[in-house]
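Working notes, beginning with the structure itself.
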Amino acid sequence: MLSLAPLLFLLAAPPGGGTLEGTVRNQMGTPLAGVAVAVDGRLQGTRSDARGQYRLEHVGAGRHVLRATLAGYQAYERRNLVVVEGARLVEDIVLVAVAPTPQVAEQRETKTDALRRNLQSPSSIAASPSGSGYFQPPHDTEDYRHFNDNRFLTVGANPLSTFAIDVDAASYANVRRFLTEGRMPPADAVRVEELINYFPYDYPDPTGEHPFSLTTAQMPAPWAQDHRLVLVGIQGRRIEAERLPPSNLVFLLDVSGSMASPDKLPLVKRAFRLLVEQLRPQDRVAIVVYAGAAGLVLPSTPGSDKATILAALDRLEAGGSTAGGAGIRLAYDVAREHRLAHGNNRVILATDGDFNVGASSEGELVRLVEDRKREGTFLTVLGFGSGNLKDSRMEALADKGNGHYAYVDDILEARKVFVHELGATLLTIARDVKVQVEFNPAQVAEYRLVGYESRLLAPEDFNDDAKDGGELGAGHAVTAIYEIVPAGRSTGGSVDQLRYQARDGTRGERNDELLTVKLRYQAPAGGASRLVSRTVRTGERGAPESLGFAAAVAEFGMLLRDSEHKGSATWDQVLTLARAGMGRDPGGYRGEFVRLVELARGMRGADAKDLGVRE
């Protein structure tokens with residue numbers, strides 16, 4: 001067993017502060033990936049890679065506190081760590097696993113037995129840090145909505161594909177949480193469009209009258225011979241934080257007993273501190289909490305009074321049952337009382353989703369959220385923690401409330417949501433955005449939209465302004481990928497020739513037009529929708545780097561879901577695509593993705609080896 005004593009030595013390093021690096025392992029000496037490592041609780045931080053290695057540069061000379069956290073392990077803290085100007089300090093970290101509950105300890109199995117069960121029920125097994133499998137504890141009541149992957153549709157019978165955009169990215173952070181804990185995510189926790197949309201892409205900024213740009217690109221489908229991929233990319237106008245309109249925010253925080261663990265309320269408080277630090281004097285914040293009952297713990301307070309807001313956050317403690325319905329009603333009432341006619345009015349809900357709606361039904365709660373969005377108050381939902389995460393409920397609330405849903409698994413993800421993407425989190429620049437794609441039957445035999453299963457719309461919904469679409473935040477990027485089968489080929493599914501419709505190619509000219517993309521959107525205040533359209537031709541390529549990386553993420557999602565459409569997809573192919581499409585990676589998100597693929601490949605490879613089967 002490794003010694004818990006840190007390994008320290010100083011070597012030459014470039015000037016401008018010192019460099020802090022090392023390897024994170026568990027008690028058995030196994031390197032741990034995805035560990036959040038930071039100094040002094042500051043915003044800057046990093047995650048350990050697939051080899052367990054981390055590196056922090058430009059750390060100021062002096063004494064520091066080094067912290068490391070990973071779900072399933074006790075938090076690590078090293079105080080009085082001395083960093084010397086121009087030197088490299090190596091600090092290895094050993095994380096100690098949280099002891100399993102007695103119920104879990106009684107149900108331990110051999111690794112092979114656990115893997116055999118995992119093939120039958122992937123979500124029923126958790127991997128311990130040492131690699132041995134055991135059933136998840138009985139109190140694990142996480143909830144995910146079941147769905148089937150979109151299927152291939154024939155262009156002759158279905159020439160139009162219509163869907164609402166989706167800017168949620170909760171699924172990616174949640175998948176990361178599962179993988180860094182050493183277990184594969186349940187298939188229904190993997191929403192491929194949310195994995196794709198987690199990443200920024202190099203789409204051009206809008207230059208015209210519309211608040212977004214539209215990009216398209218094509219490439220061969222890596223996992224299906226003779227198929228092609230078509231990307232539709234939307235880039236919202238970026239707005240600097242200081243130019244955002246004033247905000248009337250209500251933090252709605254779940255402080256019930258289920259929020260007591262370190263990855264819930266304590267993380268909520270640290271995360272919201274990041275947002276408070278971004279507030280300006282013209283912004284206002286109120287804090288509403290709910291447990292056994294709902295209460296206002298901080299009346300609407302100017303953003304200039306950060307000390308008062310932070311003190312109110314620090315006093316929060318978890319305990320009691322959950323009355324989420326009453327909390328949401330109170331939060332909306334507070335937001336209405338301080339409504340800004342020309343500002344951003346928003347309730348930000350932080351919860352594990354395990355709340356009761358009280359005496360009223362859940363349907364009434366949804367109607368309340370829909371009514372208040374029509375008044376101009378939107379809802380952002382942030383999920384925290386594990387064990388009883390109610391993913392499906394939180395996704396639905398955010399959808400009905402004209403907001404978006406994110407999952408925060410550590411302080412670095414909180415920084416992404418509340419610092420790097422502040423404009424997208426707080427400001428909607430286009431609402432009810434819908435996409436409709438018309439395929440040319442002379443060029444396309446069949447098509448499949450990758451992901452967006454919960455966002456599909458009927459063709460006639462596209463022109464109906466009363467039908468909900470998706471909301472686009474400032475700086476948000478939205479990516480959709482179609483897998484198409486060229487004319488003359490087929491996936492095997494078909495319908496009889498339509499008696500009353502023209503045969504393929506007689507109504508669509510046999511030219512080089514592949515498809516036409518149309519978008520409808522409304523201004524943030526509502527009103528009549530506006531139309532944007534673009535025709536895509538067969539010879540166009542464009543944005544190969546963005547499409548290549550997005551294709552890697554899509555293939556990763558299909559492998560995690562074991563999709564019937566994964567074709568010849570492999571983990572190695574995902575890694576090749578991802579590495580080729582790395583491009584600029586200022587936030588390190590694409591590099592982290594590569595490490596997650598390596599983790600998943602290792603786990604699936606271990607499954608195949610232990611069971612005596614081919615991967």
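As the structure is a prediction and not an experimental result, all values here were calculated from the model.
Taken from CG in Leu397 to CD in Glu370, the straight-line distance is 10.0 Å, to the nearest 0.5 Å. A distance of 7.5 Å separates OG1 of Thr46 from CG of Leu412, quoted to the nearest 0.5 Å. A distance of 8.5 Å separates CD in Glu460 from CG in Asp464, rounded to the nearest 0.5 Å. Between the OG atom of Ser171 and the CG atom of Asn197 there is a distance of 11.0 Å, given to the nearest 0.5 Å. A distance of 10.0 Å separates CG of Asn150 from CZ of Phe163, quoted to the nearest 0.5 Å. Rounded to the nearest 0.5 Å, atoms OG1 (Thr301) and CG (Asp283) are 12.5 Å apart.
Shown here is Lys269, whose NZ atom has more than 12 heavy atoms of other residues, nucleotides or ligands within 6.0 Å. With a 6.0 Å radius and a threshold of 12 heavy atoms from other residues, nucleotides or ligands, Glu77 has its CD atom above the threshold. At most 12 heavy atoms of other shown residues, nucleotides or ligands fall within 6.0 angstrom of atom CD in Glu317.
The minimum heavy-atom distance linking Leu449 with Ala480 is given by the pair CD1-CB, 4.4 Å. Nearest heavy atom pair, residue Leu298 against residue Val285, reads CD2-O, 4.0 Å. Between Thr215 and Pro204, the shortest heavy-atom contact is OG1-CD, 3.3 Å. Smallest separation of non-hydrogen atoms from His210 and Pro206: O-CB, 3.7 Å. What you find for Val419 and Gln278 is that their closest heavy atoms are CG2-NE2, 3.9 Å. Closest non-hydrogen pair, Phe178 versus Met184, comes out as CD2-O, 4.1 Å.
Remark: the Lys518 side chain and the Asn463 side chain contain no N/O donor-acceptor pair separated by less than 3.5 Å. The closest side-chain donor-acceptor pair between Ser247 and Asn344 falls under 3.5 angstrom. No hydrogens or angles considered: nothing links the side chains of Asn248 and Arg339 as a donor-acceptor pair under 3.5 Å. For the residue pair Gln436 and Thr162, a side-chain donor N or O sits within less than 3.5 Å of a side-chain acceptor on the partner. No hydrogens or angles considered: nothing links the side chains of Tyr407 and Asp391 as a donor-acceptor pair under 3.5 Å. For the residue pair Arg284/Ser300, the side-chain donor-acceptor check at 3.5 Å is satisfied.
Under the 3.5 Å distance criterion, the side-chain polar atoms of Asp168 are left unmatched by any main-chain donor or acceptor of Ala170. With hydrogens and angles disregarded, no donor-acceptor distance shorter than 3.5 Å links the side chain of Lys467 to the backbone of Ala458. Between the side chain of Asp305 and the backbone N or O of Ile309 there is no donor-acceptor pair closer than 3.5 Å. Checking side-chain atoms of Gln235 against main-chain N and O of Gly475 turns up a donor-acceptor pair under 3.5 Å. The backbone N or O of Val65 sits less than 3.5 Å from a side-chain atom of Asp40, completing a donor-acceptor pair. A distance-only check finds no donor-acceptor pair linking the side chain of Asn402 to the backbone of Lys373 [under 3.5 Å].
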Take Asp410 and Arg47 through the test salt bridge (Lys or Arg N to Asp or Glu O under 4.0 Å) and record every step on the way to the result.
CA-CA 10 Å; Asp410 59 28; Arg47 287 193 179 92; 2.6 Å; yes
Would Glu421 and Lys416 count as a salt bridge (Lys or Arg N to Asp or Glu O under 4.0 Å) if you check the C-alpha gap in whole Å, the side-chain angles of each, and the deciding distance to 0.1 Å?
CA-CA 6 Å; Glu421 300 175 356; Lys416 179 177 186 287; 2.7 Å; yes
Should Val478 and Val435 be marked as a side chain to side chain contact (heavy atoms under 4.5 Å, CB included) after you check the CA-CA gap, both sets of side-chain angles, and the distance that decides it?
CA-CA 11 Å; Val478 180; Val435 178; over 6 Å; no
Full working for side chain to side chain contact (heavy atoms under 4.5 Å, CB included) between Ser386 and Asp263:
CA-CA 8 Å; Ser386 61; Asp263 59 347; 3.6 Å; yes
Between Val369 and Tyr332, does a side chain to side chain contact (heavy atoms under 4.5 Å, CB included) hold up when you go through it step by step?
CA-CA 9 Å; Val369 171; Tyr332 273 121; 3.7 Å; yes
Please evaluate residues Ile429 and Phe212 with respect to the criterion side chain to side chain contact (heavy atoms under 4.5 Å, CB included), reporting the C-alpha separation (whole Å), side-chain torsions for both, the decisive distance (0.1 Å), and the verdict.
CA-CA 9 Å; Ile429 60 173; Phe212 52 80; 5.6 Å; no
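A salt bridge is absent between Glu277 and Lys306: the closest approach of a Lys/Arg side-chain nitrogen to an acidic carboxylate oxygen does not fall below 4.0 angstrom. Electrostatic pairing of Arg455 and Glu193 does not count as a salt bridge here, judged by no charged N lying under 4.0 Å from a carboxylate O. One finds a salt bridge joining Arg273 and Asp314 here, because a Lys/Arg side-chain nitrogen approaches an Asp/Glu carboxylate oxygen to under 4.0 Å. Using a 4.0 Å cut-off between charged nitrogen and carboxylate oxygen, Asp202 and Arg584 count as a salt-bridge pair. For Arg372 and Asp333, the salt-bridge test passes: some basic side-chain N is under 4.0 Å from an acidic carboxylate O.
Cation-pi contact between Arg561 and Phe147: present, with separation from the ring centre below 6.0 Å and deviation from the ring axis of at most 45°.
Side-chain atoms of His404 and Thr380, non-hydrogen and from C-beta on, do get closer than 4.5 Å to each other. Counting heavy atoms from C-beta on, the side chains of Arg520 and Phe462 come closer than 4.5 Å. Residues Phe418 and Val408 fail the side-chain proximity criterion, which asks for heavy atoms closer than 4.5 Å. At a threshold of 4.5 Å between non-hydrogen side-chain atoms, the residues Asp465 and Asp432 do not count as touching. The shortest distance between side-chain heavy atoms of Phe593 and Val553 falls below 4.5 Å. The shortest side-chain heavy-atom distance between Thr428 and Arg346 falls under the 4.5 Å cut-off. Side-chain contact between Val297 and Arg315 is absent, with no heavy-atom pair separated by less than 4.5 Å. Side-chain atoms of Arg183 and Arg177, non-hydrogen and from C-beta on, do get closer than 4.5 Å to each other.
Screening Leu296, Ile287, Val347 for a side-chain contact (heavy atoms from CB on, under 4.5 Å) involving Val334 leaves a single residue, Leu296.
Relative ring orientation between Phe199 and Tyr172 is described as perpendicular, the plane-to-plane angle rising above 60° on a 0-90° scale split at 30° and 60°. Ring geometry for Tyr201 against Tyr203 counts as parallel: the plane angle stays under 30°, on a 0 to 90° scale with 60° as the upper cut.
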